[in-house]
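Just below is one structure, and these are the notes that go with it.
Letters A, B, ... mirror the listed sequences (proteins, then strands); counts begin at 1. Quick caveat, the model's predicted, so the values are computed rather than measured.
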2 protein chains.
Amino acid sequence: MNIYEKRVVIVEDNTELSNLYSFLINGIDNYSVIGKYKRCEDLIKNINHDRPDLILMDLELPGMSGTEGIRQVKKKYPRIEILVVTIHENDDVIFQSLSAGACGYLSKTAGLTEVERALKRIETGGAYMTSRIARKVVESFQKSYFSPLTKRETEILSLISKGKTYSMIAVDLNIASDTVKSHLKNIYSKLHVNSKADAISLALKEKFI
Amino acid sequence: MNIYEKRVVIVEDNTELSNLYSFLINGIDNYSVIGKYKRCEDLIKNINHDRPDLILMDLELPGMSGTEGIRQVKKKYPRIEILVVTIHENDDVIFQSLSAGACGYLSKTAGLTEVERALKRIETGGAYMTSRIARKVVESFQKSYFSPLTKRETEILSLISKGKTYSMIAVDLNIASDTVKSHLKNIYSKLHVNSKADAISLALKEKFI
DNA sequence: TTTTACTAACCCAAATCGGGTGATTAACGG
DNA sequence: CCGTTAATCACCCGATTTGGGTTAGTAAAA
C-alpha cells in the first residue's frame with residue numbers, strides 16, 4: 001500500500017456485507033480497506049490510529065445511531081468523507097445523514113460499478129446518490145404550488161420566521177407596521193392559527209415558506 | 001410523432017445553442033422538440049397550445065428571469081418537468097431554481113450523452129445534476145462543525161427560529177422560562193448580537209442551526 | 001481543580017403581539 | 001360593470017414578551 005492510497009474504513013454490522021464491500025473496494029485502484037467495525041463506538045475509538053480518508057457507513061447499527069456517528073466524526077475530522085450505505089430510502093433518514101455530514105448515499109444492492117463510481121465522484125469533490133434520492137433532495141427545496149398565502153403574505157411570514165418584529169418588517173418592506181399586522185391577521189385566518197409559532201410550523205410543514 | 005412521445009419546449013435566447021439542443025433532443029428516442037422560444041413570456045403565452053411534458057430552460061434570459069418563469073409554470077402546471085441549462089454554477093441561482101421547481105441542472109457544455117442521460121433520469125422520476133452540483137446541494141444541508149453554541153443553545157435558538165416564545169420553549173424542554181432566557185443571554189453574548197432576529201440570521205448564515 | 005454547561009430566580013421598563021373594527025385603492029375576472 | 005381579492009393604513013386595548021442586569025447551585029468535563 002503506497003502513501004497515496006485512500007484509506008477506507010467500513011462500519012457495518014453484517015459480516016457478509018462488510019466482507020463484500022471490503023472485497024469490492026480493495027479491487028478498486030488506489031483504495032484500501034484498512035479497518036472494519038460493527039459499531040460506531042469502535043470506529044471512533046480507533047479513528048486516530050486508522051486515519052481514514054473515507055468511511056463507508058451503514059445506518060442501521062446497534063448502539064450509537066449512524067447519524068450520530070457521522071456527526072461526531074465530522075465534528076472532529078471534517079475532512080473525512082462519509083458514504084452512507086442503507087436499505088432505507090426514508091426521507092428523514094436521508095436528510096438527517098446528509099445534514100450530519102454524509103456526502104453520498106449508496107444502496108445495499110450496489111455492485112462494483114456503482115461503488116467505484118461513487119468513490120470516484122467523491123474523490124473529485126462531488127457527491128454521490130441515485131437519481132431517485134437526488135429527486136427527493138431536490139424536492140425538499142421546492143415550495144408548495146398550492147399555498148393559500150399571497151406573495152406578500154408569504155414574504156412577511158418568511159421574515160417573521162427569521163425572528164423579525166412587525167416594526168422591523170415594516171422597515172424592510174417600506175410599509176407601516178400596522179400593515180404588517182394586518183397581513184399577519186389574514187395569514188392567521190387563512191391558516192387557522194393564532195400565533196407566530198403555529199403559523200410558522202404549519203407553513204414550514206406545508207412548504208408555504 | 002406518436003402520442004407517447006415526450007413533448008419538449010426549449011427556452012433559450014441564443015439561436016445556435018437552441019438549435020443544437022433541438023438537434024440533440026430530436027435525435028433521442030421518444031423525444032420531440034415542439035417549440036422554441038427566446039423569452040419566458042413567449043413560453044407562457046403558448047404553453048396551453050404546446051402542452052409540453054418537459055421544458056429545457058436557460059436561466060440567463062432577457063425579460064422575465066428564468067426562476068420566475070419556472071415558478072409561474074410550475075404553479076399552473078406542476079407536472080411539467082423543468083430542466084435548467086446554465087453556464088453558472090452559482091449557489092444562489094442553483095437553489096433558487098431548484099426551489100422554484102426545476103428537477104435538474106445541465107451544463108451548457110453538455111453533449112448528447114449527457115442530455116440523453118438527463119432526460120432518461122427525469123423520465124424515471126429522478127433528478128439530474130452533475131456531482132459537483134449535487135455536492136453543493138448536499139453541503140447546503142450540512143451544519144457548521146465549528147459552532148460556538150452548545151447543544152442546548154442550538155436547540156433553543158432553533159426553537160426561537162420556529163417562532164416559539166420563551167414560555168413555549170420552557171414547556172417543550174421541561175425547564176423554567178427563566179432558564180430559556182438565560183440560555184438566550186448566553187447565545188446573544190456568544191454571537192455578539194442583542195435580538196432574536198440578529199441571532200437567527202447570523203446562525204442561519206453560519207449554519208449553526 | 002478550574003471551567004463549562006445547564007439550571008433557576010428576581011427586578012424592571014420598553015416593546016411586541018393578538019384581537020377588534022373599519023377604510024381606501026388598484027387590479028383582475030366574470 | 002360589479003364583486004372579489006390583494007395590499008395598504010389607522011386606532012384602541014390589554015396581556016405577554018423581551019432584553020438587560022445580577023446572582024447562584026450542580027454536575028460534568030478538561
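- Rounded to whole Å, the distance from NE2 on A/H192 to C1' on C/dG19 is 17 Å.
- Distances were taken from every side-chain heavy atom of A/S182 (C-beta onward) to each of D/dT8, C/dT16, C/dG18; the shortest belongs to D/dT8.
- Along DNA chain C, the nucleotide closest to B/D178 and the one closest to B/K196 are compared, and the more 5′ of them pairs with B/D178.
- With respect to A/R132 and A/E89, a salt bridge is recorded, a charged nitrogen being found less than 4.0 Å from a carboxylate O.
- When ring centroids are compared, A/F141 and B/F141 come within the 6.0 Å threshold.
- When rounded to the nearest whole Å, the span between CG of A/N186 and P of D/dT4 equals 16 Å.
- A/L173 has its CG atom 17 Å from the P atom of D/dA6, to the nearest Å.
- Here the nucleotide nearest the side chain of B/K185, chosen from D/dG21, D/dA7, D/dG19, is D/dG21.
- Backbone-only engagement by B/T165 is indicated by non-hydrogen atom pairs under 4.0 Å involving sugar-phosphate atoms exclusively.
- Whole-Å rounding puts the B/M168 CE to C/dC17 C1' distance at 11 Å.
- Taking side-chain N and O atoms only, B/H183 has no distance below 4.0 Å to OP1 or OP2 of C/dA5.
- Nucleic acid contact class of A/T179 (heavy atoms, under 4.0 Å, all strands): base.
- For B/N194, taking side-chain heavy atoms from C-beta onward, the closest of the listed nucleotides D/dG20, C/dT7, D/dA7 is D/dG20.
- Considering only side-chain N and O atoms, A/S195 lies nowhere under 4.0 angstrom from the phosphate OP1 or OP2 of C/dC17.
- Between A/E153 atom CD and D/dA7 atom P there is a gap of 6 Å when expressed in whole angstrom units.
- Closest non-hydrogen pair, B/H88 versus B/Y105, comes out as O-CE2, 4.1 Å.
- Residue A/Y166 places no side-chain N or O under 4.0 Å from the OP1 or OP2 atom of C/dA15.
- In this entry the distance linking CZ of B/R152 with P of C/dA5 reads 14 Å, nearest Å.
- Following rounding to the nearest Å, B/N174 (CG) and C/dA8 (P) show an atom-to-atom distance of 9 Å.
- Between D/dT17 and B/S167, a contact under 4.0 Å exists linking OP1 or OP2 to a side-chain N or O.
- For the side chain to side chain donor-acceptor pair (under 3.5 Å) test with A/E139, the passing option among A/Q142, A/K136, A/R135 is A/R135; the others fail.
- Rounded to whole Å, the distance from CG on B/L184 to P on C/dA5 is 16 Å.
- B/R71 places no side-chain N or O within 3.5 Å of a backbone atom of B/G101 that could act as its donor or acceptor partner.
- Place A/K181 and B/I156 on DNA chain C by their nearest nucleotides, and B/I156 ends up nearer the 5' end.
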